Colleague: 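My questions will all concern the structure given below.
This structure is a prediction, so every number in the text was calculated from the model and none was measured.
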Amino acid sequence: MTPIPHQLLAVQEDIAAGKRRWAKIKTLLSWFGQKGRGKHVVQTIEEALDEAGLFTRPAFTSGGVHDYIEFKALPETVDGPAAESADSRGGGDGAKPADGDRSETIEGGDGRDRPLPEGTGSKFCIGMLEAANRPDEILTIKRDKTVEEATTLMMMHRYSQLPVTQDMRRIDGMISWRSMGRARARGGACEHVRDCLEPVRILEQDAPFFEAVDTIAEQEVVLVRGKDRTVTGIVTTSDLSREYHRKAAPFLLLEEVEDSIRILISRNLSVAEIRKAKKSGDDTREVEDAGDLTFGEYVRLLEDRENWRKLRLGIDRKLFVGLLNDVREVRNDVMHFRPDSSEPEDLDKVRMLRSLLG
């Protein structure tokens, strides 16, 4: 039986009492001491939800970790007539509750809905970027402020632009080094922020990432807006560069590690010894060298004491194989494109294995 966190038990009690509960996906993950949705994490949470007689709409495996989900009772756990769907009541599509960033309880909604089939993958949206979810770090300026104040703020914080707004729902535009230069080149006064405004594109958090890239590359900066119509972050071309590095690094590191393992095995073990690692019953695949093995078969091959002795690495076999197995788990998450499954400590394991392999 999977242990149920006390926070989820509290949700269970509220749902049974006819209340409605929301939480961000990242909040649900934190109840289990997790930050990402790796395969085993998803399995553990799904089992705990089943034990509690709950499911989420939308599925906690879809969307970004900053999206909201609503907890609902499984059909067999609630008595009474079927009620209207969460979609028709509103708030059941992951939208942010009106009163801010927290789990919420709202009276009513004691009906039951049958869970709809939902995918297990996450759609990669612009809202999944860290920069798109930093509302507290957004520095704005009002249109009637002086350009000197705007430039001072930009220099102090090393920003290239500032959103111009009266509040976070009404954006007047953007002031930037570029917009000030253009205004002055046209012979304008450019004494106040309003004199140097330029338009700014605003994207919804669920805008597809790869479609948003073209807009960001063209505009250099965009604002991201949440379900409640407030701005949740600023995404620049620099953010795209950092995100590319963050996403590409696991693939590049793992490729380097796998190449090193193949070379190590091929140089020290015979083809006959390599073939013994192939999974039993797999008659559809020919193994001619280490490159024909799966990562799991690397683990099986190096667990053998005699094979290990022939590698002549001079390090502890159990510790090495344990790390190799950990990296196998990281590789499975990365290669299945789970957007938020890999944490920095996971990549540290890959780097550690790379250092042991020389």
Colleague: Go through Glu204 and Arg229 one step at a time and tell me if the salt bridge (charged side-chain N to carboxylate O under 4.0 Å, His left out) criterion holds.
Modeller: CA-CA 9 Å; Glu204 304 299 327; Arg229 314 304 291 173; 3.5 Å; yes

Colleague: Quick one: does any side-chain atom of Gln12 pair with a main-chain N or O of Ala52 as donor and acceptor, under 3.5 Å?
Modeller: yes

Colleague: Work out which heavy atom in Arg317 is nearest to a heavy atom in Glu303; give both atom names and the distance.
Modeller: NH1-O, 3.0 Å

Colleague: Determine all donor-acceptor pairs shorter than 3.5 Å in which one atom belongs to a side chain in residues 147-156; sequence neighbours excluded.
Modeller:
from, atom 1, to, atom 2, distance (Å)
Thr151, OG1, Val147, O, 3.1
Thr151, OG1, Glu148, O, 2.9
Thr152, OG1, Glu148, O, 2.7

Colleague: What I'd like to find out is whether the side chain of Ile265 reaches to under 4.5 Å of the side chain of Tyr298, using heavy atoms alone.
Modeller: yes

Colleague: If you group Ile, Leu, Val, Met, Phe, Trp and Tyr by side-chain heavy-atom gaps below 4.5 Å, do Leu28 and Leu9 land in one group?
Modeller: yes

Colleague: Examine Ile261 and Leu313 and state if one hydrophobic cluster contains both, with Ile, Leu, Val, Met, Phe, Trp and Tyr joined whenever side-chain heavy atoms are less than 4.5 Å apart.
Modeller: yes

Colleague: Between Arg170 and Thr165 (side chain of the first, backbone of the second, donor and acceptor by atom type, cut-off under 3.5 Å), is there such a pair?
Modeller: no

Colleague: Any ion pair linking Arg285 and Glu297 (charged N to carboxylate O, less than 4.0 Å)?
Modeller: yes

Colleague: State whether the side chain of Arg328 and the backbone N or O of Gly296 hold a donor-acceptor pair below 3.5 Å, judged by distance alone.
Modeller: no

Colleague: Tell me whether Lys145 at atom NZ has more than 12 heavy atoms from other residues, nucleotides or ligands lying less than 6.0 Å away.
Modeller: no

Colleague: For a quick test of reading the model, state the closest non-hydrogen atom pair linking Ala73 to Leu54 and the distance between them.
Modeller: CA-CD2, 4.1 Å

Colleague: Tell me, do Leu357 and Phe320 make a side-chain contact under 4.5 Å, heavy atoms counted?
Modeller: yes

Colleague: Let me see the working for Arg178 and Glu220 under salt bridge (charged side-chain N to carboxylate O under 4.0 Å, His left out), right down to the final yes or no.
Modeller: CA-CA 11 Å; Arg178 181 179 62 183; Glu220 297 184 4; 3.7 Å; yes

Colleague: Return the minimal non-hydrogen interatomic distance between Glu273 and Leu301, and the atom names on each side.
Modeller: O-CD1, 3.4 Å

Colleague: Starting from the C-alpha separation in whole Å, work towards a yes-or-no answer on side chain to side chain contact (heavy atoms under 4.5 Å, CB included) for Val11 and Trp31.
Modeller: CA-CA 12 Å; Val11 171; Trp31 296 347; 3.8 Å; yes

Colleague: Under 3.5 Å, is there a donor-acceptor pair between the side chain of Arg312 and the main chain of Lys310?
Modeller: yes

Colleague: Using modelled atom types only, decide if a donor and an acceptor are shared between the side chain of Ser241 and the backbone of Ser238 within a distance under 3.5 Å.
Modeller: no

Colleague: Under 4.0 Å between a side-chain nitrogen and a carboxylate oxygen: does that hold for Glu218 and Arg201?
Modeller: no

Colleague: Please step through side chain to side chain contact (heavy atoms under 4.5 Å, CB included) for the pair Lys142 and Gln166, ending with a clear verdict.
Modeller: CA-CA 6 Å; Lys142 296 184 183 299; Gln166 303 307 308; 4.2 Å; yes

Colleague: Side-chain atoms of residues 187-200: list all donor-acceptor pairs with protein atoms under 3.5 Å, sequence neighbours left out, distances to 0.1 Å.
Modeller:
from, atom 1, to, atom 2, distance (Å)
Arg194, NH1, Asp144, OD1, 2.9
Asp195, OD2, Glu191, N, 3.2
Asp195, OD2, His192, N, 2.9
Glu198, OE2, Ser176, OG, 2.9

Colleague: Quick one: does any side-chain atom of Ser179 pair with a main-chain N or O of Ile175 as donor and acceptor, under 3.5 Å?
Modeller: no

Colleague: Applying the 4.5 Å side-chain criterion to the ILVMFWY set and letting contacts propagate, would Val164 and Trp177 be lumped into a single cluster?
Modeller: yes

Colleague: For atom NE2 of His6, decide whether the heavy atoms of other residues, nucleotides or ligands shown that lie under 6.0 angstrom number more than 12.
Modeller: no

Colleague: Looking only at non-hydrogen atoms, find the nearest pair between Ile274 and Leu269 and report the distance.
Modeller: CD1-O, 3.9 Å

Colleague: Do the charged groups of Glu306 and Arg309 touch, with an N to O distance under 4.0 Å?
Modeller: yes

Colleague: Would you say Asp289 and Val271 make side-chain contact, with heavy atoms under 4.5 Å?
Modeller: no

Colleague: In Å and rounded to the nearest 0.5 Å, what is the OG1 to CD distance from Thr237 to Gln219?
Modeller: 11.5 Å

Colleague: Quick one: does any side-chain atom of Asp259 pair with a main-chain N or O of Glu256 as donor and acceptor, under 3.5 Å?
Modeller: no

Colleague: Counting only heavy atoms not in Glu286, do more than 12 fall under 6.0 Å of its CD?
Modeller: no

Colleague: Using the rule side chain to side chain contact (heavy atoms under 4.5 Å, CB included), only one of Leu223, Val222, Thr215 pairs with Val235; which is it?
Modeller: Val222

Colleague: With clusters defined by side-chain heavy atoms of hydrophobic residues (ILVMFWY) lying less than 4.5 Å apart, directly or transitively, does Phe251 cluster with Val327?
Modeller: yes

Colleague: Among Ile234, Leu139, Val231, whose side chain to side chain contact (heavy atoms under 4.5 Å, CB included) with Pro163 holds?
Modeller: Ile234

Colleague: Tell me whether Arg37 contacts the main-chain N or O of Phe60 through its side chain, where contact means a donor paired with an acceptor under 3.5 Å.
Modeller: yes

Colleague: Excluding sequence neighbours, so at least two apart, what forms side-chain hydrogen bond (donor to acceptor under 3.5 Å, both in side chains) with Gln205?
Modeller: Asn133, Thr232

Colleague: What are the two closest non-hydrogen atoms of Leu29 and Gly36, and how far apart are they?
Modeller: CD2-O, 3.9 Å

Colleague: Do Thr140 and Asp167 have side chains that get closer than 4.5 Å, going by heavy atoms?
Modeller: no

Colleague: Assess whether side chain to side chain contact (heavy atoms under 4.5 Å, CB included) is satisfied between Lys349 and Leu353, documenting all intermediate values.
Modeller: CA-CA 6 Å; Lys349 293 177 181 178; Leu353 181 58; over 6 Å; no

Colleague: Give a yes or no on whether Leu324 and Leu319 share a hydrophobic cluster (residues Ile, Leu, Val, Met, Phe, Trp, Tyr; joining criterion: side-chain heavy atoms under 4.5 Å apart).
Modeller: no

Colleague: Heavy-atom distance under 4.5 Å between the side chains of Phe55 and Leu49, does that happen here?
Modeller: no

Colleague: Could you walk me through whether Leu240 and Phe209 pass the side chain to side chain contact (heavy atoms under 4.5 Å, CB included) test, one step at a time?
Modeller: CA-CA 10 Å; Leu240 290 183; Phe209 176 79; 3.8 Å; yes

